[in-house]
Peer 1: 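The structure's right below; bear with me while I get my questions together.
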Amino acid sequence: MKILVAAADYPSENSVALMYVHVRNRYYAENGISVSVLNFSAKQPYLFDGIRVLSLAAYENSQESYDILVCHAPNIRNHYRFLKKYQRAFSKIVFFFHGHEVVRINECYPAPYPYMGGKSFFSRLFQSCYDTFKLFLWRRYLPKLAEKARFVFVSQNFFEKFQKYTGLNEAKLLGHTMVIHNSVGAVFERECYDRLAPKEFDFITIRPYMDRSNYSMDIVCSLAKANPSCRFLAVGTGRFFEHYEQPENLIWHNGTLSHEDIPVYLNRSRCALIPTRTDTQGVMTCEAATFGIPTITSDLAVCHEICDTFSNVGFLDNAFPSVDLLPLLAALEQKPFVKSDRYFKENTVRCEIEMLHALYAEDGKEKPL
């Protein structure tokens, strides 16, 4: 089986963009599926961690055919235009919806930080008009593909928002919908948090793109100021601290971490502090929780959906970013931890592989053993 995975961006030697897509692709390849990636942001083809990545020009210049097209976080600029031109080249199509693609941003996402220039009346008006346009296109277009498509959502909470904003329910999509959570990286399945290792920090926050307000670095800073006796570490890139005061008890690591590096940093910390305003699943939260470190995230419906089964996860009200964190942390540290396999690939990506094989078999092709 040959599949083409289309994404607006993809990891490279210099980027960790959309790593959750790569985690899937590696597992697909390990299970006998031939995977190529169409990275709409790529200027040249490249090989990353054994996965072949194509630019749009490279795809268009090739004569290769694929059994299934997989679209991650489909947008109008890239995926829709590509589909309108090439949809007949694919007998089966899978859409993975991760968050912003099919909701109204102004309603579901917090306003950008002022320095990002997103609070003005005109920027919000433009966003509203664009969302009206994109939802109109998806509402008309997706049912036309429903017979040969599958529609996958990373959380039940997000599936409900999709139905609200697109007006498309299971019936209109011929029942070809499913909820499959993102999986955690292999290192988080394999390794466990070492509670006895020396701790340099009380709280660690890992957010690759700190300038996005939904990642709540302002809340992290407020919590640091409210807990002056605690040591905080923030890992991520951006201009946030050019515009917001960096608390004296917070150290900023200006950079990103590979999957293999993250457990090293988690083991140096007592707790993973990962507040959010919108995460539809929150892969970093799932990875920390699966690894076993005490984890604090936000008291949102979607966070409860993904974390309520973890004994090492506590919840924080975003409306009170000056709370004393130590009692909550102490309560989490006293609870026994049993590693959960909820977000292991065998319980997430394995479902995707079974779906791909079922689609492959619908075309009368032999299902691989």
Side-chain angles (χ1 to χ4, degrees), residues 4-10 17-18 20-21 38-42 55-57 59-60 69-90 93-114 116-174 176-179 209 211-215 277-281 302:
L4 179 68
V5 179
D9 207 346
Y10 198 73
L18 304 191
Y20 54 80
V21 178
L38 171 57
N39 178 358
F40 290 113
S41 296
S55 64
L56 179 58
Y59 169 81
E60 292 178 330
L69 172 66
V70 177
C71 296
H72 276 281
N75 62 42
I76 301 302
R77 177 184 178 185
N78 297 315
H79 300 79
Y80 179 77
R81 292 171 63 185
F82 178 80
L83 283 164
K84 292 293 288 185
K85 188 174 182 179
Y86 295 110
Q87 67 185 50
R88 290 181 178 82
F90 304 94
I93 302 173
V94 179
F95 294 91
F96 279 88
F97 297 104
H98 295 274
H100 66 278
E101 313 94 297
V102 284
V103 299
R104 289 191 175 275
I105 299 298
N106 290 339
E107 294 182 23
C108 296
Y109 280 67
Y113 293 127
M116 296 296 289
K119 275 193 171 181
S120 74
F121 169 79
F122 291 105
S123 64
R124 292 180 65 82
L125 178 62
F126 174 80
Q127 184 68 63
S128 180
C129 292
Y130 177 78
D131 287 346
T132 298
F133 174 67
K134 79 180 182 187
L135 292 170
F136 172 78
L137 289 183
W138 289 133
R139 186 181 301 116
R140 289 172 58 90
Y141 184 65
L142 294 179
K144 296 177 181 179
L145 298 179
E147 186 172 352
K148 69 173 185 178
R150 295 296 183 273
F151 306 91
V152 182
F153 303 86
V154 297
S155 72
Q156 180 63 35
N157 181 276
F158 180 50
F159 182 31
E160 292 169 2
K161 289 182 178 178
F162 168 88
Q163 295 177 83
K164 172 184 176 181
Y165 288 108
T166 65
L168 299 175
N169 55 25
E170 289 190 68
K172 292 179 180 178
L173 298 178
L174 305 182
H176 291 170
T177 63
M178 59 190 69
V179 174
Y209 309 110
D211 292 329
R212 296 178 181 175
S213 59
N214 54 305
Y215 287 162
R277 289 186 170 98
T278 59
D279 278 7
T280 53
Q281 180 182 331
V302 66

Peer 1: Can you see which heavy atom on Val152 is nearest to which on Val94, and at what distance?
Peer 2: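 The pair with the smallest heavy-atom distance is CG2-CG1, 4.1 Å.
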Peer 1: Can you name the residues that form a ring pair (Phe, Tyr, Trp, His ring centres under 6.0 Å) with Tyr141, not counting sequence neighbours?
Peer 2: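 Checked Tyr141 against ring pair (Phe, Tyr, Trp, His ring centres under 6.0 Å); matches are Tyr80.
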Peer 1: Which atoms form the tightest heavy-atom contact between Pro110 and Ser213, and what is the distance?
Peer 2: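 Closest heavy-atom pair between Pro110 and Ser213: CG-OG, 3.4 Å.
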Peer 1: Would you indicate whether the side-chain heavy atoms of Leu4 and Val70 approach each other to under 4.5 Å?
Peer 2: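 No - every pair of side-chain heavy atoms lies 4.5 Å or more apart.
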Peer 1: Taking all atoms of both residues into account, what is the closest heavy-atom pair of Glu107 and Tyr165, and its distance?
Peer 2: OE1-OH, 2.8 Å
Peer 1: How long is the straight-line distance from CZ of Phe151 back to CE of Met178, given to the nearest 0.5 Å?
Peer 2: 10.5 Å
Peer 1: What pairs with Arg88 under side-chain contact (heavy atoms from CB on, under 4.5 Å), at least two apart in sequence or on another chain?
Peer 2: none
Peer 1: Could you tell me whether the side chain of Lys85 reaches within less than 4.5 Å of the side chain of Arg81, counting heavy atoms only?
Peer 2: no
Peer 1: With no hydrogens and no angle check, is any side-chain donor or acceptor of Lys172 less than 3.5 Å from a backbone partner on Gly167?
Peer 2: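 Yes: the side chain of Lys172 pairs with the backbone of Gly167.
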Peer 1: Can you name the side chain to side chain donor-acceptor pair (under 3.5 Å) partners of Asp211, sequence neighbours left out?
Peer 2: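 Counting only residues at least two positions away or on another chain, Asp211 forms a side chain to side chain donor-acceptor pair (under 3.5 Å) with Tyr115.
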Peer 1: Identify, with sequence neighbours excluded, every residue that meets ring pair (Phe, Tyr, Trp, His ring centres under 6.0 Å) alongside Phe153.
Peer 2: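 So Phe153 forms a ring pair (Phe, Tyr, Trp, His ring centres under 6.0 Å) with Phe97, Phe159, Phe162.
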Peer 1: How long is the straight-line distance from CG of Asn214 back to CZ of Arg277, given to the nearest 0.5 Å?
Peer 2: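 The CG atom of Asn214 is 8.5 Å from CZ of Arg277, to the nearest 0.5 Å.
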Peer 1: Hey, does Leu142 have a side-chain heavy atom less than 4.5 Å from the side chain of Leu168?
Peer 2: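 Heavy-atom side-chain distance check passes, below 4.5 Å.
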Peer 1: Look at the side chain of Asp279 and the backbone N and O of Gln281, then say whether any donor-acceptor pair between them is shorter than 3.5 Å.
Peer 2: no
Peer 1: Going by salt bridge (Lys or Arg N to Asp or Glu O under 4.0 Å), name the residues that satisfy it together with Arg104, two or more places apart in sequence or in a different chain.
Peer 2: none
Peer 1: Would you say Phe158 and Val103 make side-chain contact, with heavy atoms under 4.5 Å?
Peer 2: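 Yes - at least one pair of side-chain heavy atoms lies under 4.5 Å apart.
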Peer 1: Going by side-chain contact (heavy atoms from CB on, under 4.5 Å), name the residues that satisfy it together with Ser55, two or more places apart in sequence or in a different chain.
Peer 2: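 So Ser55 forms a side-chain contact (heavy atoms from CB on, under 4.5 Å) with Ala42, Pro45, Ala57, Ala58.
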Peer 1: For His100, give me all partners under ring pair (Phe, Tyr, Trp, His ring centres under 6.0 Å), at least two apart in sequence or on another chain.
Peer 2: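 Applying ring pair (Phe, Tyr, Trp, His ring centres under 6.0 Å) to His100 gives none.
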Peer 1: Do the ring planes of Tyr59 and Phe90 sit parallel (below 30°), tilted (30 to 60°) or perpendicular (above 60°)?
Peer 2: parallel
Peer 1: What do you reckon, is OH of Tyr130 surrounded by more than 12 foreign heavy atoms closer than 6.0 Å?
Peer 2: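 Atom OH in Tyr130 is packed in, count exceeds 12.
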Peer 1: Who passes side-chain contact (heavy atoms from CB on, under 4.5 Å) against His79, sequence neighbours left out?
Peer 2: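 If we apply the side-chain contact (heavy atoms from CB on, under 4.5 Å) test to His79, skipping adjacent residues, the hits are Ala6, Phe40, Cys71, Pro74, Asn75.
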Peer 1: Kindly state whether the ring of His72 and the ring of Phe96 have centres lying under 6.0 angstrom apart.
Peer 2: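 Close enough - the centres of the two rings lie under 6.0 Å apart.
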Peer 1: Of all residues at least two apart in sequence or in a different chain, which pass the side chain to side chain donor-acceptor pair (under 3.5 Å) check with Ser128?
Peer 2: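 With sequence neighbours excluded, Ser128 shows a side chain to side chain donor-acceptor pair (under 3.5 Å) to no residue whatsoever.
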Peer 1: Over all heavy atoms of both residues, which pair between Leu69 and Phe82 is shortest? Give the atoms and the distance, please.
Peer 2: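 Minimum heavy-atom separation between Leu69 and Phe82: CD2-CE2, 4.1 Å.
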Peer 1: Mind checking what makes side chain to side chain donor-acceptor pair (under 3.5 Å) contact with Arg212, not counting sequence neighbours?
Peer 2: none
Peer 1: Leu137 versus Phe133: any side-chain heavy-atom pair under 4.5 Å?
Peer 2: yes
Peer 1: Tell me whether Thr278 contacts the main-chain N or O of Tyr109 through its side chain, where contact means a donor paired with an acceptor under 3.5 Å.
Peer 2: no
Peer 1: Checking Tyr86 now: which residues fulfil side chain to side chain donor-acceptor pair (under 3.5 Å) with it, not counting sequence neighbours?
Peer 2: Glu60
Peer 1: Return each pair, listed once, that meets salt bridge (charged side-chain N to carboxylate O under 4.0 Å, His left out) where at least one residue sits in residues 127-148; pairs must be two or more places apart or across chains.
Peer 2: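 Listed by first then second residue: Asp131-Lys134.
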